[in-house]
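Written out below as structure tokens is the structure these notes cover.
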Amino acid sequence: MKYNFDEIIPRRGSNSYKWDAAGGDNVLPMWVADMDFRTAQPVIDALQKRVAHGIFGYTYVPQSYSEVVTGWFSRRHNFAVEKEWILFTTGVVPALSAIIKALTVPGDKVIVQTPVYNCFFSSIRNNQCEIVTNELVYRNGTYTIDFEDLETKAADPEAKLLLLCSPHNPAGRVWTREELVQLGGICLRNGVIVVSDEIHCDLVYPGHTHIPFGSISEAFLQNSVTCTSPSKTFNLAGIQVANIFAACEEIRRQIDKALNINEVCEINAFAIEALTAAYTDGEEWLEQLKEYLSGNYKYVVDYFSHYLPHLPVLSLEGTYLVWVDCRTVYLTSKEIMKNLLCEENLRINEGTLYGEAGENFIRINIATQREQLVKGLEKIRHQYSI
């Protein structure tokens with residue numbers, strides 16, 4: 001099947017957070033990390049079949065669910081996940097919150113690598129833990145890990161966890177095996193458990209390979225927890241489903257307890273059907289999606305190079321979230337966001353949403369139809385061309 005990612009599907013009025021909470025009926029939203037594309041047809045078919053059944057009682061998660069999950073990660077990522085390791089929940093953010101609750105006590109320190117996904121901060125604070133920043137190093141248009149600083153932060157006996165964003169949002173990095181080995185070694189030596197958010201693992205572009213952190217070695221596997229979901233891959237955030245991989249039995253037991261305490265230990269009937277269909281029959285759609293997103297990114301790079309060369313676009317190795325260096329504008333990232341919203345009816349994300357290290361950067365969601373992408377870029381050009 002050939003999917004048409006250029007088809008514009010009206011979303012306003014569908015209770016879409018991205019569109020209906022963007023700030024006005026005329027606002028073009030390129031902020032919240034969901035896509036404007038209809039999901040894979042097998043997923044739609046599976047959900048329609050489930051709706052046609054007409055009964056929506058309490059739901060039992062079948063063994064086939066875990067088999068589909070393990071098959072996907074074995075086939076796509078060479079990660080031999082065992083069914084017993086899997087805990088399911090409603091989303092990666094609830095998963096992170098439950099993991100932090102399970103593996104820390106109030107006052108413990110949790111390391112994050114900023115700029116980084118903003119919900120990391122709230123999940124840490126909500127569990128009364130202290131945020132410790134291992135700021136990424138921005139140099140030559142990309143980010144790398146400051147391993148010397150990480151060694152120092154991890155050596156603190158109060159540091160219990162490191163939240164790894166892999167692939168990284170918003171920096172667009174796909175961490176190499178060498179980088180992950182060095183990071184994992186530091187954490188292992190210092191007794192810091194790695195919690196790897198791999199929600200974007202399927203959205204990696206040619207020349208780069210996602211390496212699941214837990215797949216690197218048995219020692220890393222036992223000293224880590226991995227969070228995954230089909231929500232970014234197949235545009236299913238509203239379905240609310242995610243999986244936690246915890247190979248260590250004691251860690252898994254503690255997380256399972258926390259999921260129950262937080263009452264996010266169940267998933268609904270539609271989540272089971274959607275994930276099963278996506279991971280069983282969604283690969284054709286996914287490959288076409290990645291090709292389209294690659295085309296969108298190339299268009300963005302060419303457009304900025306031609307019309308906005310003073311605003312460097314960082315290399316996008318994974319995700320569909322483009323990080324733009326706006327230091328030459330001499331405005332704060334929040335001022336840039338407000339100007340684009342008020343003057344151009346364009347909603348993007350300000351960099352400081354992802355920590356102080358995001359100042360003078362903006363994040364643009366390019367997972368939309370090319371026609372709408374062009375409109376958004378023209379709005380930025382109108383406001384900030386020189």
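As the structure is a prediction and not an experimental result, all values here were calculated from the model.
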Self-check item: Pairwise distance CG(Asp6) to CD(Glu371) - rounded to 0.5 angstrom
Solution: 8.5 Å
Quiz item: Picking from Ile199, Val92, Val93, what satisfies side chain to side chain contact (heavy atoms under 4.5 Å, CB included) with Tyr117?
Solution: Val93
Quiz prompt | Transitive ILVMFWY side-chain link Leu96 to Val32, under 4.5 Å | solution = no
Exercise. State, yes or no, whether a side-chain contact exists between Tyr320 and Lys232 at a heavy-atom distance under 4.5 Å.
Key: yes
Self-check item: Pair Lys109-Ile124, side chain to side chain contact (heavy atoms under 4.5 Å, CB included): steps then yes or no
Solution: CA-CA 9 Å; Lys109 296 179 179 179; Ile124 296 168; over 6 Å; no
Self-check item: Smallest separation among heavy atoms of Glu82 and Thr70, with atom names
Solution: C-CG2, 4.2 Å
Quiz item: Between Glu273 and Lys49, is the closest basic N to carboxylate O distance under 4.0 Å?
Solution: no
Exercise. Using a 4.5 Å cut-off on heavy atoms from C-beta on, say whether the side chain of Cys201 contacts that of Phe73.
Key: yes
Quiz item: Atom CD in Glu218, atom CG in Asn223: separation rounded to 0.5 Å?
Solution: 11.5 Å
Practice problem: Determine whether Ile216 and Leu188 fall in the same hydrophobic cluster, where Ile, Leu, Val, Met, Phe, Trp and Tyr are linked whenever their side-chain heavy atoms lie under 4.5 Å apart. | Solution: yes
Quiz item: Are Phe79 and Phe88 connected, step by step, through hydrophobic side chains (Ile, Leu, Val, Met, Phe, Trp, Tyr) whose heavy atoms are closer than 4.5 Å?
Solution: yes
Practice problem: Over all heavy atoms of both residues, which pair between Met337 and Ile348 is shortest? Give the atoms and the distance, please. | Solution: CG-O, 3.4 Å
Self-check item: Thr176 side chain to Glu179 side chain, donor-acceptor N/O pair below 3.5 angstrom
Solution: yes
Quiz item: When the ring centroid of Phe37 is compared with that of Tyr3, is the distance short of 6.0 Å?
Solution: no
Quiz prompt | Stepwise side chain to side chain contact (heavy atoms under 4.5 Å, CB included) test for Val110 and Val132 | solution = CA-CA 6 Å; Val110 180; Val132 175; over 6 Å; no
Quiz prompt | Salt bridge present between Lys2 and Glu291 (N-O < 4.0 angstrom) | solution = no
Quiz prompt | Same cluster (ILVMFWY, side-chain, under 4.5 Å), Ile111 and Ile100 | solution = no
Self-check item: Ring centre gap for Tyr138 and Phe361 strictly below 6.0 Å
Solution: yes
Practice problem: Flag the pair Trp323 / Tyr354 as yes when their ring centroid distance falls below 6.0 Å, and as no otherwise. | Solution: yes
Quiz item: Can you name the closest pair of heavy atoms from Leu311 and Thr328 and give their distance?
Solution: CD2-OG1, 3.7 Å
Quiz item: How many angstroms lie between CG in Asp36 and CG in Asn235, if you round to the nearest 0.5 Å?
Solution: 7.5 Å
Exercise. Mind running side chain to side chain contact (heavy atoms under 4.5 Å, CB included) on Trp175 and Ile145 for me, showing each step along the way?
Key: CA-CA 9 Å; Trp175 304 116; Ile145 297 170; 3.7 Å; yes
Practice problem: Measure the shortest side-chain to side-chain distance between Arg253 and Glu250 over non-hydrogen atoms and say whether it is less than 4.5 angstrom. | Solution: yes
Quiz item: Does the pair Glu283/Arg75 count as a salt bridge with the N-to-O cut at 4.0 Å?
Solution: yes
Quiz item: Just wondering, do Val300 and Asn296 contact through their side chains at under 4.5 Å, heavy atoms?
Solution: no
Quiz item: Just by distance, with hydrogens left out, do Tyr384 and Asn339 show a side-chain donor and acceptor under 3.5 Å apart?
Solution: yes
Quiz prompt | Sub-4.5 Å side-chain heavy-atom contact between Thr228 and Thr226 | solution = yes
Quiz item: For the residue pair Pro115 and His168, what are the closest heavy atoms and their distance?
Solution: O-CE1, 2.6 Å
Quiz item: About how many Å separate CG of Leu275 and CZ of Phe270, when rounded to the nearest 0.5 Å?
Solution: 15.0 Å
Quiz prompt | Test item: side-chain donor near acceptor, Asp202 and His210, under 3.5 Å | solution = no
Quiz item: When rounded to the nearest 0.5 angstrom, what is the spacing between CG in Asn169 and CG in Asn349?
Solution: 9.0 Å
Quiz item: Can we say Glu151 and Arg189 salt-bridge, meaning some charged N sits less than 4.0 Å from an Asp/Glu carboxylate O?
Solution: yes
Quiz item: What heavy-atom pair brings Arg252 and Trp85 nearest, and what distance separates the two atoms?
Solution: CD-O, 3.7 Å
Exercise. Using a 4.5 Å cut-off on heavy atoms from C-beta on, say whether the side chain of Ile380 contacts that of Leu308.
Key: yes
Exercise. State, to 0.1 Å, how close Val192 and Ala159 come at their nearest heavy-atom pair, and which atoms those are.
Key: CG2-O, 3.5 Å
Practice problem: Go through the side-chain N and O atoms of Ser166 and Glu198 and say whether any donor and acceptor fall under 3.5 Å apart. | Solution: no
Exercise. Would you sort out whether Leu136 and Val116 count as a side chain to side chain contact (heavy atoms under 4.5 Å, CB included), showing the intermediate values?
Key: CA-CA 9 Å; Leu136 298 176; Val116 75; over 6 Å; no
Exercise. May I ask you to decide whether Asp149 forms a salt bridge with Lys153, counting only side-chain N to carboxylate O separations under 4.0 Å?
Key: yes
Quiz item: Do Glu356 and Thr114 come within less than 4.5 Å of each other through their side chains, counting heavy atoms only?
Solution: no
Self-check item: Test item: Glu148 and Asp146 side chains (from C-beta on) under 4.5 Å apart, heavy atoms
Solution: yes
Quiz item: Does NZ or CZ of Arg381 fall inside the cone over Tyr307's six-membered ring, less than 6.0 Å from its centre and within 45° of the axis?
Solution: yes
Exercise. Determine, using the 4.5 Å side-chain heavy-atom cutoff (strictly less than), whether Met35 and Val43 are members of one ILVMFWY cluster.
Key: yes
Quiz item: If you round to the nearest 0.5 Å, how far is OG1 of Thr89 from CG of Leu259?
Solution: 5.0 Å
Self-check item: Main-chain N/O of Gly107 paired to Glu130 side chain as donor or acceptor, under 3.5 Å
Solution: no
